Amino acid sequence: MNATPHRPPRYWLMKSEPEECSIDDALAAPNATVPWTGVRNYQARNFMRDEMQVGDGVLFYHSSCPEPGIAGIARVAGGTRPDPTQFDPDSPYHDPKSKPDQPRWLLLDVQALRKTRLISLAELREHPDLAQMRVLQRGNRLSITPLEAVEWEAITGRLLGGR
DNA sequence: GCCAACGTTGGC
DNA sequence: GCCAACGTTGGC
């Protein structure tokens, strides 16, 4: 975790397949906190390693499911560390090229704060303020993407009724 | 299940 | 360093 103190909070969108870990699953976990396992993309890993800080806002996004969209609000809870599944031959996230003395893949803890109504991709596309969101761009695949503050405000404020 | 888009791999 | 082949993502 980058320890630069006192920077303004940042905001992130994090994708999770609800069959793996839904917002309900996260809220039901101890302390509503889950290790964000399975990131196997260098750009997303670097966000966790270099840019995400405790307290950053997270939109919890459900992907690869019947109703893709924003399903909850969470926060970065810290704890950046090697993702143990990379060393587990029985895990679908096993990476045989990763060595324990030089782990390739990291995870961090995400604390779910609340479930929201499902904000679908179609609804997100209706709002001009959100036109630049990575998750709305063609061909996007990144499972962790930064959000602009205005995007965070529009979604947590306007779309979710200011709560 | 389809398939476009993307990231990674590896031969050269 | 190029780039074709391949595997994966993820909405539809």
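These numbers come from a predicted model, not from an experiment. In what follows, chains are A, B, ... by sequence order, proteins preceding strands, each numbered from 1.
- One atom, CD of Gln137(A), and another, C1' of dT9(C), lie 16 Å apart when rounded to the nearest Å.
- Ranking dG10(B), dG10(C), dC12(C) by closeness to the Ser64(A) side chain, first place goes to dG10(C).
- Checked against a 6.0 Å centroid threshold, the rings of Trp36(A) and Tyr93(A) do not count as neighbours.
- Regarding contacts with the backbone of dG11(C), a side-chain N or O of Tyr61(A) is found under 4.0 angstrom from either OP1 or OP2.
- A donor-acceptor pair under 3.5 Å is formed between the side chain of Arg45(A) and the backbone N or O of Arg104(A).
- For the pair Lys15(A) and dT9(C), the criterion of a side-chain N or O lying under 4.0 Å from OP1 or OP2 is not met.
- Atom-to-atom, CZ of Arg134(A) to P of dG11(C) comes out at 15 Å; the value is rounded to the nearest Å.
- Here the side chain of Lys97(A) is nearest to one of dG7(B), dG10(B), dG10(C), namely dG10(B).
- Under 4.0 Å is where a charged nitrogen must lie from a carboxylate oxygen, and between Asp109(A) and Arg81(A) at least one such pair does.
- The environment of CD in Glu148(A) is sparse: at most 12 heavy-atom neighbours from other residues, nucleotides or ligands sit within 6.0 Å.
- The interatomic distance linking Glu17(A) (CD) with dT9(C) (P) rounds to 7 Å, in whole Å.
- Nucleotide dT9(B) holds its P atom 6 Å from the OH atom of Tyr42(A), rounded to whole Å.
- When the P atom of dG7(C) is taken as reference, atom CG of Asp95(A) falls 16 Å away, rounded to whole Å.
- Side chain of Leu121(A), nearest nucleotide from dG11(C), dG7(B), dT9(B): dG11(C).
- The distance between atom CZ of Arg40(A) and atom C1' of dT8(B), rounded to the nearest whole Å, is 15 Å.
- Distance CG (Leu142(A)) to P (dT8(B)): 10 Å, rounded to an integer number of Å.
- Separating the CG atom of Asn140(A) from the C1' atom of dC12(C) is a distance of 14 Å, rounded to the nearest angstrom.
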